[in-house]
Every structure is written in structure tokens, then in C-alpha cells.
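The structure appears below as C-alpha cells.
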Amino acid sequence: GAGVSQSPSNKVTEKGKDVELRCDPISGHTALYWYRQRLGQGLEFLIYFQGNSAPDKSGLPSDRFSAERTGESVSTLTIQRTQQEDSAVYLCASSLAGFEQYFGPGTRLTVT
Amino acid sequence: RKEVEQDPGPFNVPEGATVAFNCTYSNSASQSFFWYRQDCRKEPKLLMSVYSSGNEDGRFTAQLNRASQYISLLIRDSKLSDSATYLCVVTGDGGSQGNLIFGKGTKLSVKP
């Protein structure tokens, strides 16, 4: 079956611009996660959605970051007024809650 | 104490060697444990779940020690293709980070 997909695969943007990243989870997966991974670093948790519950936003680094998910489908991660330190790979994963996560290929964001 | 700790390595081993990684976790209430593998510039992929009784999948053996709160991964007869970063994943306390906590990974490099 189809895995987690993300778009775009690469995004180059100028400092100060807004970007929107998209994640399509595996159908039927109730949980969806966003992570950030800087070059050579570990996964940094950003936000977690579980069904219709309020999302866990505890990992969002600043108020420039926000994410939405409609029901148990697509999610978008928005970064406003991008900064160079936002450059990273943004990974999305989905799962049946509490079980193994399946990751998408990521969006590589470069802020110039 | 960090929630999930791993030796970052790198572990440099020759082909055919046996190598073992450990991972310690802080939450004694954790119930599920996984090992993920992440190749360079790729997304993490599930390698294996870790069961209380220990489990084996070909050349890979995972073990759990609840009393000491650590998980291990043993790789026998290492192949060049085993070169990757191995991530330890532990369930949290029911709310934080979607209930899954990732270690920062142990890097393995298998040399000819």
C-alpha cells in the first residue's frame, strides 16, 4: 500500500518568506507527527496529532511554526518569516497510536 | 537524565564482525520499544520491535532488560550495507511527544 508522502521534496526559500509543507499519512493511521532534523543531528520532535484530540505542540520551537491536520488526513506545517536556522529536513510520520511510526521521505528546506 | 540515551559512536567495524549497541531509557513505565535504522540523508525506517522475551530477525537480535532499563541490538556477521545510524525508540508516559521518544542514534560504519 501507499506509504507516507510529503511535498515538496525540496524547498529553497528566501529568509523572511513563509513556507508550507505537506504530509499525507498512511490511510487509517490516527497519529501523525512532525520532526525536524538538522544536518548530522537527531530527530527533533515538533508536533503530534492524535485523532480529534488537541495536538501536542510542545516541540514547536517558536510561534513562527504552526501545523494543522483535518481529521485523520493531510497535515500542513507552516513556517512564517523563515530564518536560516530553520534550514533542515522536515520529516512526517504516521502510526496507529503508540505503535511503530512510518516516516515519509522528508522535505529538505533551505533558507537563503 | 535524558529520556533515551545512546552512544553516538561511530562504531567502525570490519565486515563479518559482531557489534552491539545499547540504549538506556529513563521512564520505567515504558511499554514498547523499537530499533529504527536511518541511512545517510534518508528517513528512519523500522528495523525491529523489541519484545520482553527478546527477539531475533536473521542477523539481528534485540533484547530488553526492564530492571536495568536498557535495550540492546546485536548485529552478527556485519555487512557493508549495515552501515547506518541506529535509533532507539521508547514509549513515553502517555502524552509527551506522541508517546514515542527517539534517541539520537548510534552510527555504525562497516568497512571492507
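Letters go in sequence order (proteins before strands), and every chain restarts at 1.
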key: B:Phe102 and A:Tyr35 aromatic centres sub-6.0 Å   = yes
Positions in residues 44-60 of chain B that reach chain A, provided some heavy atom is under 4.5 Å away = B:Pro44, B:Leu46, B:Ser49
Same apolar cluster: A:Phe45 and A:Ile79, side chain cutoff 4.5 Å = no
ask   = Side-chain heavy atoms under 4.5 angstrom apart, residues restricted to Ile, Leu, Val, Met, Phe, Trp, Tyr: same cluster for A:Phe49 and A:Leu60?
value = yes
request  = Measure A:Gln41 against the heavy atoms of chain B and call it side chain, backbone, both or neither at under 4.5 Å.
outcome  = neither
ask   = Do the side chains of A:Tyr102 and B:Val89 join up, straight or via other hydrophobic residues, at under 4.5 Å, putting them in one cluster?
value = no
Heavy atoms of other groups near B:Leu80 CG, more than 12 under 6.0 Å = yes
ask   = Mind checking which of residues 16-24 of chain A sit less than 4.5 Å from chain B, heavy atom to heavy atom?
value = none
query = Same cluster or not: are B:Leu74 and B:Phe21 linked, directly or through other Ile, Leu, Val, Met, Phe, Trp or Tyr residues, by side-chain heavy atoms under 4.5 angstrom apart?
reply = no
query = Heavy-atom count around A:Glu85 CD within 6.0 Å, excluding the residue itself: above 12?
reply = yes
Give the table of side-chain donor-acceptor pairs shorter than 3.5 Å for residues 6-18 of chain B, with sequence neighbours excluded, one pair per line with atom names and distance.
residue: B:Gln6; atom: OE1; partner: B:Cys88; partner atom: N; Å: 2.9
residue: B:Gln6; atom: OE1; partner: B:Gly105; partner atom: N; Å: 3.1
residue: B:Gln6; atom: NE2; partner: B:Tyr86; partner atom: O; Å: 2.9
residue: B:Gln6; atom: NE2; partner: B:Thr106; partner atom: OG1; Å: 3.4
residue: B:Asp7; atom: OD1; partner: B:Gly9; partner atom: N; Å: 2.9

Test log, rule side chain to side chain contact (heavy atoms under 4.5 Å, CB included), inputs A:Gln101 and B:Phe34 = CA-CA 10 Å; A:Gln101 296 180 349; B:Phe34 310 96; over 6 Å; no
request  = State, yes or no, whether a side-chain contact exists between B:Glu43 and A:Leu43 at a heavy-atom distance under 4.5 Å.
outcome  = no
query = Between A:Leu46 and chain B, which part of the residue has a heavy atom less than 4.5 Å away: side chain, backbone, both or neither?
reply = neither
key: Euclidean distance, A:Leu91 CG relative to B:Lys42 NZ, rounded to 0.5 Å   = 12.0 Å
ask   = Hey, quick one: are B:Val19 and B:Trp35 part of the same hydrophobic cluster, counting side-chain heavy atoms closer than 4.5 Å, chains of contacts allowed?
value = yes
ask   = Going by residue number, which parts of residues 103-112 of chain A are within reach of chain B, meaning a heavy-atom gap below 4.5 Å?
value = A:Phe103, A:Gly104, A:Pro105, A:Arg108
